[in-house]
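Take a look at the structure set out below.
What you see is a predicted model, and the numbers here were worked out from it, not measured in a lab. Throughout, a chain's letter reflects where its sequence line sits, starting with A, and its residues are numbered from 1.
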Protein chains: 2
Amino acid sequence: MLEIQVSSETDRQRFAAVGRALADPKRLCVLESLAAGEMSVSDLATRVACQVPNMSQHLAVLRSAGLVTTRRVGNSIYYRLADQRVLEAYQLIRSIAR
Amino acid sequence: MLEIQVSSETDRQRFAAVGRALADPKRLCVLESLAAGEMSVSDLATRVACQVPNMSQHLAVLRSAGLVTTRRVGNSIYYRLADQRVLEAYQLIRSIAR
DNA sequence: CTGGTACTTGCGTGTTTGCGCAAGAAGTGA
DNA sequence: TCACTTCTTGCGCAAACACGCAAGTACCAG
């Protein structure tokens, strides 16, 4: 039996932001891609099959939810998963949806 | 290191539906409430502070994502969590957002 | 300084979402 | 059947979202 204590409304809004970040197939594809290691924006755009500006917006959602972090190398910006727990959460969601 | 195999697009859409179910503060409040045990729609509406039709729609989202199940007793319909993993996923999300 | 690459931001558009309200099931009891 | 309770569904509207495209910012090489 898992202990769940009640959250405040503002806390739930922050948690919901994480849920929203996980609510789009393209963003989930980004997480799968980043599971193998960091990637640049244009690489991710190619892999997910969308335009670079669109990818940048999706990455902004993931970033503001705290799921990914960035590192600049010259012109490129490399994104990586912020935490191993992001993959754990995604795996759990996949097992629930199975 | 967590192993993540790539999903198909249709699979990711199903996973994203779970993410969407977790993307609203009221629905998260429902999950917290159901952690203590099953509740009727009107009870949940009172607890979450919204109208019954609105609650019914939120519950439909959770239900179609497979996060909750129902049981009818007379006029009332009792909702409960479909799986312990739903709480585990929520706990993970909370720890990530902390 | 100039040109080129990589990314972000702003804007317009069509779609989806959350909500209140009214109307429709579904069940209970008299 | 009738009245009542409980939940779901349909409708309309405002807000949020995903997307393409154009413009802006940041960095590097020459």
Side-chain angles (χ1 to χ4, degrees), chain A residues 9-10 12-34 37-80 82, chain B residues 9-10 12-34 37-80 82:
Chain A
E9 175 60 24
T10 51
R12 276 193 293 265
Q13 285 178 4
R14 211 170 58 255
F15 306 153
V18 176
R20 235 183 321 114
L22 299 172
D24 184 273
K26 288 203 173 86
R27 289 195 288 268
L28 296 182
C29 189
V30 167
L31 297 185
E32 290 180 11
S33 303
L34 294 183
E38 63 181 9
M39 292 181 86
S40 70
V41 178
S42 46
D43 287 347
L44 285 168
T46 302
R47 201 149 189 317
V48 178
C50 72
Q51 304 203 347
V52 171
N54 187 9
M55 176 52 60
S56 184
Q57 291 176 321
H58 282 301
L59 289 170
V61 174
L62 292 169
R63 188 156 25 91
S64 80
L67 272 58
V68 298
T69 58
T70 62
R71 178 175 76 99
R72 176 180 278 276
V73 177
N75 274 339
S76 298
I77 296 185
Y78 287 91
Y79 280 75
R80 67 170 63 181
Chain B
E9 175 61 24
T10 51
R12 276 194 294 265
Q13 285 179 3
R14 211 171 57 254
F15 306 151
V18 176
R20 240 186 315 117
L22 299 172
D24 184 272
K26 287 202 172 86
R27 287 195 290 267
L28 296 182
C29 190
V30 167
L31 296 185
E32 289 180 12
S33 304
L34 295 184
E38 63 180 8
M39 293 181 84
S40 71
V41 178
S42 46
D43 288 346
L44 285 168
T46 303
R47 199 148 190 316
V48 177
C50 72
Q51 305 202 349
V52 171
N54 187 9
M55 175 53 61
S56 185
Q57 290 176 321
H58 282 302
L59 290 171
V61 174
L62 292 170
R63 187 158 25 90
S64 80
L67 273 56
V68 298
T69 58
T70 64
R71 179 174 74 100
R72 176 179 278 276
V73 177
N75 275 340
S76 298
I77 296 185
Y78 288 91
Y79 280 76
R80 67 170 62 184

Next item on the list: Report, as a single string ordered 5' to 3', how protein heavy atoms within less than 4.0 Å touch nucleotides 17-30 of chain C: B base, S sugar-phosphate only, - not at all.
Entry: SSBSBB----BS--
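The salt bridge (charged side-chain N to carboxylate O under 4.0 Å, His left out) pairs that include a residue from residues 38-49 of chain B are B/E38-B/R71, B/E38-B/R80, where partners are two or more places apart or lie in different chains.
Rounded to a whole Å, the CG atom of B/L59 is 14 Å from the C1' atom of D/dT9. Taking atom CZ on A/R63 and atom C1' on C/dT9, their separation rounds to 12 Å, with Å as the unit. Regarding A/M39, its CE atom lies at a distance of 15 Å from the C1' atom of C/dA6, rounded to whole Å.
Residue A/Y79 has a polar side-chain atom (N or O) positioned under 4.0 Å from OP1 or OP2 of C/dT8. For D/dT5, neither phosphate oxygen OP1 nor OP2 lies less than 4.0 angstrom from any side-chain nitrogen or oxygen of B/S42.
Two residues are said to be in side-chain contact when any heavy atoms from C-beta on lie closer than 4.5 Å; A/H58 and A/N54 meet this criterion.
Judged purely by atom type and a 3.5 angstrom limit, A/R72 uses its side chain to pair as donor or acceptor with the backbone of A/G74.
Among all heavy-atom pairs drawn from B/P25 and A/R12, the shortest one is O-CD, 3.5 Å. Closest of all the heavy-atom pairs between B/L22 and B/L28 is O-CD2, 3.7 Å. Closest approach of A/V41 to A/M55, counting heavy atoms only: O-CG, 3.8 Å.
Heavy atoms of A/Y78 sit nowhere under 4.0 angstrom from any nucleic acid atom. Within 4.0 Å (heavy atoms only), B/S76 reaches sugar-phosphate atoms of the nucleic acid but no base atom. Across all strands shown, A/V52 has heavy atoms under 4.0 Å from base atoms, whether or not it also approaches the sugar-phosphate.
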